[in-house]
Amino acid sequence: MKLSFNTETLFPGKSIYESMRVLNQNGLKAIEFWSWHDKDLRQIKEAKDEYGIEVASIVVKLESLVDPSRREQAVEAVKQSCEAAKYLDCRTMVHTVGFEVEGLSREEMHNSLVEGLHACIPVLEAYGITTAIEPLNTKVDLELSGYYLTTSEESFEIVKKINHPLVKVCYDMYHVQIMEGHVISRMQNQIHHIGHIQAAGNPGRHELYIGEMNYDNIFDAIKQMDYQGYVGIEYFPIHDPVADLRQLHAKHHTG
């Protein structure tokens with residue numbers, strides 16, 4: 001099992017460049033982050049090459065796949081994000097799909113999402129990049145209210161309809177636990193449709209050992225699955241996270 005570390009959640013107040021230096025000093029060699037378009041990609045590339053750090057995932061520039069009137073912009077956002085990922089030698093993008101559109105039924109938005117992902121396939125193929133659509137919870141994180149895709153169940157349904165190796169699901173266990181539960185069994189049943197996994201404690205989205213989820217058991221289960229991607233550590237720490245991250249890495253990173 002390979003671990004990556006989200007520089008934006010784990011190190012609030014630090015730039016990505018500072019975060020990369022801290023991770024490197026502690027032998028942690030894979031990162032992920034959210035928006036790429038507000039960062040100096042050249043500087044990130046230089047730092048990752050200097051430190052020998054991999055970029056596990058970036059996030060697709062925000063555009064709506066559920067709004068058919070934004071289809072051209074959504075495909076262009078995927079293209080620009082693929083270019084950024086390719087430049088950073090990153091093979092996976094996390095894809096937030098957009099918010100509900102007034103006047104459209106869920107069926108219409110669902111169909112638009114499927115059609116939009118189909119339209120992105122030629123771009124994904126041209127760059128050799130996987131996009132992983134992410135369901136998010138709307139029960140606790142109220143700033144996400146109105147986000148369309150809220151369950152892994154619908155996400156897997158969509159990915160199966162697309163039936164393409166470069167279109168998968170980002171399985172964020174924090175969000176899945178809130179909306180659906182049964183985190184391990186859902187992964188076991190759908191692991192071949194998962195392109196990226198993320199982890200945070202629940203409730204609170206803090207350290208993994210705080211809350212109701214037994215991450216030692218979860219990670220041991222992932223190690224038994226046929227999964228070659230990264231597991232991203234994406235929580236908001238209550239205290240300095242470095243010691244916890246080193247312990248996680250020593251215990252669960254198998255490379």
Side-chain angles (χ1 to χ4, degrees), residues 1-14 16 18-34 47-48 50-58 89-92 94 130 132 134 137 152 168-178 180-255:
M1 189 178 82
K2 301 183 295 184
L3 295 179
S4 59
F5 303 93
N6 188 299
T7 59
E8 298 193 74
T9 64
L10 293 169
F11 300 99
K14 283 187 169 65
I16 185 172
E18 295 173 297
S19 302
M20 291 173 74
R21 183 169 63 251
V22 171
L23 290 169
N24 176 64
Q25 289 169 345
N26 288 277
L28 308 176
K29 296 293 189 176
I31 65 166
E32 57 187 75
F33 57 93
W34 294 337
K48 88 174 200 62
E50 177 184 352
Y51 298 144
I53 286 176
E54 298 289 328
V55 178
S57 74
I58 62 173
D89 302 312
C90 170
R91 301 298 300 273
T92 302
V94 174
T130 296
E134 183 174 20
N137 92 82
S152 66
K168 293 186 179 291
V169 172
C170 174
Y171 192 85
D172 187 317
M173 294 181 281
Y174 163 76
H175 292 295
V176 172
Q177 174 70 358
I178 292 170
E180 301 168 279
H182 304 289
V183 166
I184 292 177
S185 61
R186 291 182 192 280
M187 271 193 292
Q188 289 170 327
N189 293 335
Q190 306 287 354
I191 194 64
H192 294 121
H193 299 296
I194 294 174
H196 193 61
I197 296 173
Q198 292 174 328
N202 181 59
R205 204 173 181 180
H206 299 308
E207 281 77 356
L208 301 192
Y209 57 82
I210 297 176
E212 62 192 2
M213 302 171 73
N214 187 329
Y215 271 107
D216 284 339
N217 285 352
I218 293 170
F219 287 164
D220 286 343
I222 293 173
K223 293 171 192 173
Q224 305 306 312
M225 300 180 199
D226 183 17
Y227 176 70
Q228 305 303 315
Y230 280 91
V231 176
I233 307 303
E234 191 189 55
Y235 66 79
F236 294 94
I238 293 175
H239 59 272
D240 189 325
V242 172
D244 292 336
L245 299 182
R246 290 180 62 178
Q247 184 177 20
L248 269 174
H249 190 269
K251 193 171 188 179
H252 291 294
H253 182 87
T254 58

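Reckoned from all heavy atoms, side chains included, excluding hydrogens, waters and symmetry mates.
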Assess whether side-chain contact (heavy atoms from CB on, under 4.5 Å) is satisfied between I31 and Y51, documenting all intermediate values. CA-CA 12 Å; I31 65 166; Y51 298 144; over 6 Å; no
Pair V176-H182, side-chain contact (heavy atoms from CB on, under 4.5 Å): steps then yes or no: CA-CA 8 Å; V176 172; H182 304 289; over 6 Å; no
For L248 and Y215: C-alpha separation, side-chain torsions, deciding distance, then whether side-chain contact (heavy atoms from CB on, under 4.5 Å) applies. CA-CA 10 Å; L248 269 174; Y215 271 107; 5.9 Å; no
What do the steps show when you test N214 against I218 for side-chain contact (heavy atoms from CB on, under 4.5 Å), and what is the final call? CA-CA 6 Å; N214 187 329; I218 293 170; 5.6 Å; no
Hey, mind stepping through H252 and K223 against side-chain hydrogen bond (donor to acceptor under 3.5 Å, both in side chains) and telling me if it holds? CA-CA 9 Å; H252 291 294; K223 293 171 192 173; 3.0 Å; yes
Please table the atom pairs, donor to acceptor, closer than 3.5 Å between any side-chain atom in residues 188-195 and protein atoms at least two apart or in another chain.
residue, atom, partner, partner atom, Å
N189, ND2, S185, O, 3.1
Q190, OE1, K160, NZ, 3.2
H192, NE2, D226, OD2, 3.3

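Counting only heavy atoms from C-beta outward, the side chains of K29 and N24 approach each other to under 4.5 Å. At least one side-chain heavy atom of L23 sits under 4.5 Å from a side-chain heavy atom of L245.
For the salt bridge (Lys or Arg N to Asp or Glu O under 4.0 Å) condition, the pairs that include at least one residue of residues 180-205, sequence neighbours left out, are E180-R186, R205-E234.
Of the possible donor and acceptor atoms, none in the side chain of N26 sits under 3.5 Å from a partner among the backbone N and O of L28. Side-chain atoms of E207 come within 3.5 Å of backbone N or O of I238 as a donor-acceptor pair.
Across all non-hydrogen atoms, the minimal contact from L10 to P237 is O-CG, 3.4 Å. Residues W34 and E8 come closest through the heavy atom pair N-OE2, 2.5 Å. In terms of heavy atoms, T9 sits closest to I233 at OG1-O, 4.5 Å. Here the closest heavy-atom approach between residue A30 and residue Y230 is recorded as CB-CE2, 3.5 Å. M173 and A199 get closest at one heavy-atom pair: CE-CB, 3.7 Å. For M225 against I184, the heavy-atom pair with the smallest separation is CE-O, 4.0 Å.
Annotation: side-chain hydrogen bond (donor to acceptor under 3.5 Å, both in side chains) contacts of K14 (sequence neighbours excluded): none. Residues passing the ring-ring contact (aromatic ring centres under 6.0 Å, His included) test with H206: none are found, sequence neighbours excluded. Annotation: ring-ring contact (aromatic ring centres under 6.0 Å, His included) contacts of F11 (sequence neighbours excluded): none. For E18, there are no salt bridge (Lys or Arg N to Asp or Glu O under 4.0 Å) partners at least two apart in sequence or on another chain.
The aromatic rings of Y209 and H239 lie tilted to each other, with the angle between the two planes from 30° to 60°. Between H253 and H249, the angle of the ring planes stays under 30°, which puts this pair in the parallel group of the 30/60° scheme.
In this structure, CG on N6 lies 7.5 Å from OG on S57, to the nearest 0.5 angstrom. The line from CD1 of I16 to OG1 of T7 is 4.0 Å long, rounded to the nearest 0.5 Å.
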